[in-house]
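Data block below; observations after.
This one's a predicted model, so the numbers in the text were calculated from it and none came from an experiment. In what follows, every chain begins at residue 1, and chains take the letters A, B, ... in the order their sequences are listed.
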Amino acid sequence: MTASALQPNAMIQTVGLEKTYVLGAENIVRALRGVDLAVTQGSYVAIMGPSGSGKSTMLNLLGCLDRPSGGSYFLGAEDVSQMDDDALSEVRGRRIGFIFQSYNLIAQLTVLENIQVPLVYQGVDLRDYEERCQELARLVGLDDRLDHRPNQLSGGQQQRVAVARSLVNDPLIILADEPTGNLDSKTGREVLDLIDRLNRGGKTIVLVTHDDHVAERAHRVIHMKDGRIDREVVNRPVPETPEATFHHE
Amino acid sequence: MLRFQFIGTVKLGIKSLLLHKLRSVLTMLGIIFGVCSVIAMLAIGEGASYEAQERIKKLGSNNIIINSIKPAEESGQTASTRGFQIDYGLTYRDGARLQAIPGALRVLPMRIIRENVRFSRNEVPCQVIGTLPFYPAVVGMDVVRGRFLCEMDELHENNVCVVTAGLAQRLFPYQDPLQHAVKIAEFYYRVVGIVRETGTAEQRPQTGQMEGEPLDNNVYIPLSTSRVRFGEVLMKRAAGSFSAEKVELHRITVQMEGMSAVETADPQIKQVLNRFHDRNDYETVVPLELLRQAEATKRSFNMVLGSIAAISLLVGGIGIMNIMLASVTERTREIGIRRALGAKKRDIITQFLVETVVLSIGGGLIGVTVGVVIPFLITAFTGRITIVTAYSIALAFGISGAVGIVFGLYPARAAADLDPIEALRHE
Ligand SMILES: Nc1ncnc2c1ncn2[C@@H]1O[C@H](COP(=O)(O)OP(=O)(O)OP(=O)(O)O)[C@@H](O)[C@H]1O
Ligand SMILES: [Mg+2]
């Protein structure tokens, strides 16, 4: 597959993406067996499927946290599967925002400091971003908790900090692996409303979930099975955005 | 851009150390002890060798000192035999013969007699040294007031004397010594000068082999006067019995042209003297050799210190590495989060390295402070000279910094090499 075959307005495109875990000579786990997926800018995609079908593996590859064993992955126009470790870190820091099931906040840091972590690795002066961090905290409704520590917050509040953190570098894509898995349905809804708002603001979102109600919010639902895409359901069309193609600077 | 990142990483390191204050301090202890022991021990060693060297230098590094000593076999007899007279030691003729040694500049004979020196009610036990006018040129000495002995004094066997500054103070607390005469045994001697031996003004007399004369309480009189007034045979009373010794000269100091001459002259002197001394009744002291020995001792002393310091710093380093490895395990999840949020491997390395370097440099700083204070206290309480050299501080500090980097590198690498996903999953 060459770059010319790529969809012109795809933010994310995988071609024959494979991931194989070699645990022993006889024990090889093929977690992904050739996934072709294209996600256009501004779309909201949910990935569903039974446990062990490779959803998290897929999301980790999309998030550049791991490297595929085969196939290629284009983020914008760049072939991410060929990048070295430093370049991948760069991509994670600048283009991708993560929201994890278990929040993954740093326990020693305050809410504000947790939101600032991605900025630290961009080498910017944190003082220039104070206003932006407060704005984000206001967005997730935690502007009065900036100097609290994660263990002083409820699960929903912690996940909202994680949402704010995922936004601080103004990423192109937000990847969320079961973001509401640890939350009750009400707080879960609050977090999902937040994600909806981000999508309406133009962010591309890929979200893994087991919950049909969660998947309903997405434009498209991808169903996975045994490391492959089983079927795809389109809920709604992706709204037209004035600038549909992704320009790499 | 890098600047902010670096400052941020350093702040992060310090913050995480402050989070575990006790642990950080305990980790630093190894380095603190290592550094402070290096500095303190080097300061003590340096001070001790300085003292030794000063003492030796005072004897004159160009000099060879020959002392009369009582032959060993006969010292037992004198105690039991009443009125026995021993005849030993250096003679005037020895002095004349030593002039012929190649490279010998001056040969200074001395008679050293212990007597009480009196002025009015004051009485001080002294060494009465009969010697020649060029004494100050051979043994470093300042004439503080008046003059030293002169050729005329020698020629006419004058009853004049020169006293050391300390003695002058003790004998003449209120009077001007130069206006008066002191009484030694039966005779009066006019004080013509006050001297101070150079570089050793404040030192107290000490007993010891390489010691020349005690530094205080010396009275110098012309050699000829000493012979005439005290005679060649000296009586000694001890516990009811008395003994008599006939000693012409108690000491001859041979001043050589230079240090190289000193080395060749020592065996030659022995050769010359042995022809006329069949008993072992003299000894030679070569300050230069003592100086060399002192330096060699210092070198091996420093070597021992160095190994002790190296071991304690090594132990300190291992302590740091141990804690950092534990800290990496404890913070695996955090490392995973940071990697997911854009941290490169080198950011993680820097973060952990900053912590170890801060630990070791912090420990080094405390160690330097304590290490400088300890010698100061030792000097204050024991009066021993201690010298804190800049190089020992630089050495200790440099090593502690190096220890931090060397022992911090492995845990830091281990942290950076963690797989981001594995690290994120870590519980
Ligand atoms: N590090 C790994 N080593 C070996 N096998 C792995 C590893 N990570 C995942 N797998 C395997 O890959 C397959 C897909 O795992 P993945 O975590 O992607 O599933 P999932 O769809 O997210 O499941 P769930 O809904 O339970 O989270 C599973 O069979 C799993 O055992
Ligand atoms: Mg999963």
query: Can you tell me how far CG of B/D419 sits from CG of A/D66, rounded to the nearest 0.5 angstrom?
result: 6.0 Å

message: Please classify the contact of A/R127 with chain B as side chain, backbone, both or neither, using a heavy-atom distance under 4.5 Å.
response: side chain

message: Looking at every heavy atom in both A/Y121 and B/L341, which two are closest together, and how far apart are they?
response: CD1-O, 4.4 Å

- prompt: Which bit of B/E422 is near chain A, if near means a heavy-atom gap under 4.5 Å: side chain, backbone, both or neither?
  reply: neither

- request: First locate atom CG of B/D417, then atom CG of A/D85, and finally report the distance between them rounded to the nearest 0.5 Å.
  value: 9.0 Å

statement: dist B/L12:CG -> A/I106:CD1 (nearest 0.5 Å) comes out at 7.5 Å

- prompt: When rounded to the nearest 0.5 angstrom, what is the spacing between CG in A/N114 and CD1 in B/I337?
  reply: 7.5 Å

- prompt: If you count the non-hydrogen atoms of other residues, nucleotides and ligands that lie under 6.0 Å from CZ in B/R23, is the total more than 12?
  reply: yes

- prompt: More than 12 foreign heavy atoms under 6.0 Å from OH of A/Y21: is that the case here?
  reply: yes

statement: Interatomic distance, CG@A/L109 vs OG@B/S16, rounded to 0.5 Å, equals 10.0 Å

- prompt: Hey, does B/K15 have a side-chain heavy atom less than 4.5 Å from the side chain of A/E113?
  reply: yes

- request: Could you walk me through whether A/D86 and B/R346 pass the side chain to side chain contact (heavy atoms under 4.5 Å, CB included) test, one step at a time?
  value: CA-CA 9 Å; A/D86 277 2; B/R346 65 163 173 274; 3.2 Å; yes

- prompt: Do B/R333 and A/S102 meet the criterion of a side-chain donor-acceptor pair at a distance under 3.5 Å?
  reply: yes

task: Taking all non-hydrogen atoms of both residues into account, name the closest pair between B/A340 and A/F100 and its distance.
output: CB-CZ, 4.1 Å

query: Going by heavy atoms in the side chains, are B/R339 and A/S89 under 4.5 Å from each other?
result: yes

query: About how many Å separate CG of A/L65 and CD1 of B/I421, when rounded to the nearest 0.5 Å?
result: 5.5 Å

message: Just checking B/F33: does its CZ atom have more than 12 heavy atoms from other residues, nucleotides or ligands closer to it than 6.0 angstrom?
response: no

